[in-house]
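Count residues from 1 along the sequence. Because only heavy atoms are used, hydrogens play no part in the values below, and waters and symmetry mates are left out as well, while side chains stay in.
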Amino acid sequence: MRHPLEFLPNEFRKPAFLTLLALTLILVAVFRILDQPLQTSAAPHGIVSFELAGNAQTARAITNSWKQMSLLLSAVAGQANPDIVNVPYAFAAFGLGLDYLFMPVYALTLGLGTLFAGERYEGWLRSLGAVAGYGALAAALFDAVENYALWQILLGAVESAYPATAAFCAIIKFALLLAGISYVLVAWMVPKGRDKLALPRDHTA
C-alpha cells in the first residue's frame with residue numbers, strides 16, 4: 001500500500017514537515033488560550049467537553065454554563081446588556097472557525113510523520129504507516145463534520161441529532177489521531193530494517 005503523501009518530492013518533505021509542525025504547535029498554544037473561558041463546571045475540559053457532549057441535555061448544560069459565565073462577565077464589566085460581553089460563545093465560535101485552518105495543518109503534520117516513520121521499514125510495518133497516514137487525513141474530515149454540528153448547536157439547534165453527530169465524529173477523530181501518533185512513536189522505537197522484523201525462515205527446506 002502506498003502512503004497518501006508519498007507523491008511529495010523527497011527534498012520538500014522535511015522542510016514541509018518542520019514548517020507544519022511549527023504551525024501545529026503555535027495553533028495548539030492558541031487553542032489553549034481560547035479554551036480558558038470555556039472551562040466551566042459543566043464543561044471541565046472546555047471545548048472537548050462540548051465536542052463529546054453526545055446528547056441535547058449535556059450540550060444545553062454546557063451552553064447554559066457559558067451564558068452564565070457571560071452574565072457574570074457582564075456584571076463585572078458593568079454592562080447593561082449581557083450580550084455585549086459574551087466571551088465564552090465568542091471564543092468557542094472563533095475556535096471552531098480557526099479549527100478549519102488547523103485541520104489540514106495537523107493532518108499533514110501527522111501524515112508526514114507516519115511517512116517518515118514508515119520509510120524506515122519494509123513489508124507490513126511500512127503498509128501500516130500508509131494506513132496511519134490515511135487515518136490522519138480522515139481525522140480532519142471527521143473534524144470538519146464535527147465542527148459543523150457544533151456550529152449548529154451554538155446557533156440554537158440543541159434539540160437535534162447534532163450533539164450525537166459531533167460526539168461520534170470527535171471519538172473517531174481522536175481515535176485516528178491517537179493511532180497515528182502511537183504508530184510514529186512505536187515505529188521509531190522498533191529496530192530499523194526488514195530482517196529484524198521478519199519472522200525466522202525455515203532453512204531446512
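With respect to the salt-bridge test (charged N to carboxylate O, under 4.0 angstrom), the residues R13 and E119 qualify.
Note on Y89 and W151: same hydrophobic cluster, where clusters join Ile, Leu, Val, Met, Phe, Trp and Tyr whose side-chain heavy atoms are under 4.5 Å apart, directly or indirectly. L137 and I172 fall into different hydrophobic clusters, where Ile, Leu, Val, Met, Phe, Trp and Tyr are joined by side-chain heavy atoms under 4.5 Å apart, directly or via other members. In the hydrophobic cluster analysis, where Ile, Leu, Val, Met, Phe, Trp and Tyr join through side-chain heavy atoms closer than 4.5 angstrom, V48 is grouped together with I62. Hydrophobic clustering places L21 together with L108 (ILVMFWY residues linked when any side-chain heavy atoms are closer than 4.5 Å, directly or through intermediates). A continuous path of Ile, Leu, Val, Met, Phe, Trp and Tyr side chains, each step under 4.5 Å between heavy atoms, connects L96 with V28, placing both in one hydrophobic cluster.
Nearest heavy-atom pair, G180 versus L110, reported as atom, atom and distance to 0.1 Å: C-CD1, 3.8 Å. In terms of heavy atoms, A61 sits closest to A42 at O-CB, 3.6 Å. Here the shortest heavy-atom pairing between L177 and A139 reads CD2-CB, 3.8 Å. A117 and W188 make their closest contact through CB-NE1, 3.6 Å (heavy atoms, listed as atom of the first residue, atom of the second, distance). When all heavy atoms of L5 and G111 are compared, the pair lying nearest together is CD1-C, 3.6 Å. The two residues T114 and A132 have their closest heavy-atom pair at CG2-CB, 3.8 Å.
We find the OG1-NZ distance between T40 and K67 to be 13.0 Å, quoted to the nearest 0.5 Å. Interatomic distance, CD of E51 versus CG of D99, reported as 7.5 Å (0.5 Å rounding). Annotation: the span from S49 atom OG to L38 atom CG amounts to 9.5 Å, rounded to 0.5 Å. Between L18 atom CG and T109 atom OG1 the span is 10.0 Å, to the nearest 0.5 Å. Rounding to the nearest 0.5 angstrom, the gap separating the CD atom in E6 from the CG atom in L112 is 12.0 Å. Here the OH atom belonging to Y106 is positioned 13.5 Å from the CG atom belonging to L20, to the nearest 0.5 angstrom.
Between R120 and R126, the closest side-chain pair of non-hydrogen atoms is not below 4.5 Å. Side-chain contact between Y183 and L125 is present, with at least one heavy-atom pair separated by less than 4.5 Å. Contact of the F102 side chain with the T24 side chain is registered, since non-hydrogen atoms from C-beta on lie closer than 4.5 Å.
At least one donor-acceptor pair under 3.5 Å links the side chain of Y121 to the backbone N or O of A187. T58 places no side-chain N or O within donor-acceptor distance of the main-chain N or O of N55, the cut-off being under 3.5 Å.
More than 12 heavy atoms of other residues, nucleotides or ligands shown are found within 6.0 angstrom of CD on Q36. Atom OH of Y148 is surrounded by 12 or fewer heavy atoms from other residues, nucleotides or ligands within 6.0 Å. Heavy atoms from other residues, nucleotides or ligands lying under 6.0 Å from CZ of F168 number 12 at most.
Side-chain atoms of D35 and Q39 include a donor-acceptor pair closer than 3.5 Å. When only modelled atom types and interatomic distance are considered, Y100 and D143 share no side-chain donor-acceptor pair under 3.5 Å.
L98 is linked by a side chain to side chain contact (heavy atoms under 4.5 Å, CB included) to L27, V30, F31, L34, F94, L101, counting only residues two or more places apart in sequence or in another chain.
Centroid-to-centroid, the aromatic rings of F50 and W66 come within less than 6.0 Å.
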